[in-house]
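First up is the structure itself, then whatever we jot down about it.
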Number of protein chains: 2
Amino acid sequence: MPRARSNSTAPTPSASSPDTVFEGAIRGMVGYNLKRAYIVLHAAARAAAEDFGLRVPTFSCLSVIVRNPGITPSALAEHLKIERPNLVVIVDELETRELIRRTQMKTDRRRYELTVTVRGRRLHDQAAEAIRDAEAQCLQGLGAEDQARLIDLLNKIENAMTEAPVSAAEHTGPPPP
Amino acid sequence: MPRARSNSTAPTPSASSPDTVFEGAIRGMVGYNLKRAYIVLHAAARAAAEDFGLRVPTFSCLSVIVRNPGITPSALAEHLKIERPNLVVIVDELETRELIRRTQMKTDRRRYELTVTVRGRRLHDQAAEAIRDAEAQCLQGLGAEDQARLIDLLNKIENAMTEAPVSAAEHTGPPPP
DNA sequence: TATTGTTATACTCTATAACTATA
DNA sequence: TATAGTTATAGAGTATAACAATA
């Protein structure tokens, strides 16, 4: 492979301090574009959630608890890919605000069942609607079909790694004995 | 609109601690799926960049400097949506490692021109290739057409907000002439 | 011994206020 | 006064080690 130019289609770099900034090698990378779109959507979701005194991860936890009454903190943490120590503070806050309840299991007293309260359920439904509306504002340029296609593509990325977790190191040479 | 169930197509919530976790309202939200895909790609890019002693934001800066010789820190910060104070430490590190040079402008001695060194250029090209390879590993499930479509959709989200920053409040009335 | 929930802690990334030197 | 770069600092979000209670 020849010594790579950073971008095959873009114009030649200008001599000095341009007023229009050209993209480097990063623009063609999916991760870079993913991050910039995520920033937009996350800011919108964050602002919407804030109106209900919720941060985005807190809402996510509440949402999964609503959908899975009796889920344990461990299962919740694993599902949302949150480290258990970090989940504790979220669950603490949800419980303090009386949006969820923590009940010790009798069969295994190490574990706790998380269930949403009526108040928590109501707040969740309101916040979910507000966040959905905020997202819709950001997604005006995309039709319903585009949105479904986008989610499908994103899920393919997410699942590809969990199903075929082949490391780059194993890919270049033979595995150690 | 009736009192929303969290998800119209999913099965009824199970009675207690399920071994399969159902998604809440969040699975239908684009931002949630965006984040999870981003985590996968960012982890891959981070691991690849680490082999060259670079963090992802550091590589992004280097990449834009390569493509825009003479760019000022302010322009770089604005373009990458990095706060200027945070950019300083990145530029400091790049300069300390002699990957870029900082030269004071004679026409305006407040400003600096950032240019890549030969060493920086070489490292950038190697890192870019490694990161691209790492991304490709994550994107095995997507064809070239899918990837282009994904980037297009992501850019639409990013640009929709900067072009039409219409607040929800302004949205209820008729558009201005 | 292994697991659940927990505490404390550290590290990355990001955000804000205020300073300096130039203009 | 306004701007570019900088400093210091604070806040999210995330990650790791180690502990007590329980199995």
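The figures that follow rest on heavy atoms only: side chains count, while hydrogens, waters and symmetry mates do not. Per chain, numbering begins at 1; letters A, B, ... match sequence-line order.
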Check your understanding: Going by the ring pair (Phe, Tyr, Trp, His ring centres under 6.0 Å) test, which pairs reach into residues 133-158 of chain B, not counting sequence neighbours?
Key ->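 Counting only pairs at least two positions apart or across chains, no ring pair (Phe, Tyr, Trp, His ring centres under 6.0 Å) contact touches residues 133-158 of chain B.
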Would a distance-only check, ignoring hydrogens and angles, find a side-chain to backbone donor-acceptor pair under 3.5 Å from [X] to [Y]?
X      : Y     : value
A:N33  : A:R27 : yes
B:T117 : B:L99 : yes
B:Q147 : A:V30 : no

Review point. If you pin A:K35 and A:Y112 to their nearest nucleotides in DNA chain C, which one's is more 5'?
Key: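 By nearest-heavy-atom nucleotide position, the 5'-most residue is A:Y112.
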Check your understanding: Of A:I39 and A:D108, whose closest DNA chain C nucleotide lies nearer the 5' terminus?
Key ->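 Going by which nucleotide is closer to the 5' end, it is A:D108.
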Whole angstrom is fine here: how far is it from [atom1] in [X] over to [atom2] in [N]?
X      : N      : atom1 : atom2 : value
B:H42  : D:dT14 : NE2   : C1'   : 12 Å
B:E83  : D:dT6  : CD    : C1'   : 14 Å
A:K106 : D:dT22 : NZ    : C1'   : 17 Å

Point to revise | Nucleic acid contacts of residues 84-98 of chain A, taken as heavy-atom distances under 4.0 Å to DNA chain C | key: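 A:R84, A:P85, A:V88 - these, ordered by number, are the residues of the stretch whose heavy atoms sit under 4.0 Å from the strand.
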Is the closest side-chain heavy-atom distance between [X] and [Y] below 4.5 Å?
X      : Y      : result
B:D92  : B:R102 : yes
B:V116 : B:P69  : no
B:I100 : B:H124 : no

Review point. Can you tell me if CD on A:E78 sees more than 12 non-hydrogen neighbours from other groups inside 6.0 Å?
Key: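 No, not enclosed.
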Review point. Should we say atom CZ of A:R101 is surrounded by more than 12 heavy atoms from elsewhere, each under 6.0 Å from it?
Key: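 No.
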Mind listing the side-chain donor-acceptor pairs of residues 37-62 of chain A below 3.5 Å, one per line with the distance, residues two or more places apart or on another chain?
from  : atom 1 : to    : atom 2 : distance (Å)
A:R55 : NH2    : A:T58 : OG1    : 3.4
A:S60 : OG     : A:V56 : O      : 3.1

Point to revise | Boundaries of the DNA chain C segment in contact with chain B, non-hydrogen, under 4.0 Å | key: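 Contacts span C:dC13 to C:dA23, reading 5' to 3'.
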Dump every N/O contact between nucleotides 10-12 of chain D and the protein below 3.5 Å, one line per pair.
none

Check your understanding: Residues two or more places apart in sequence or in another chain: which of them pass side chain to side chain donor-acceptor pair (under 3.5 Å) with B:D146?
Key ->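 B:D146 satisfies side chain to side chain donor-acceptor pair (under 3.5 Å) with A:R149 only.
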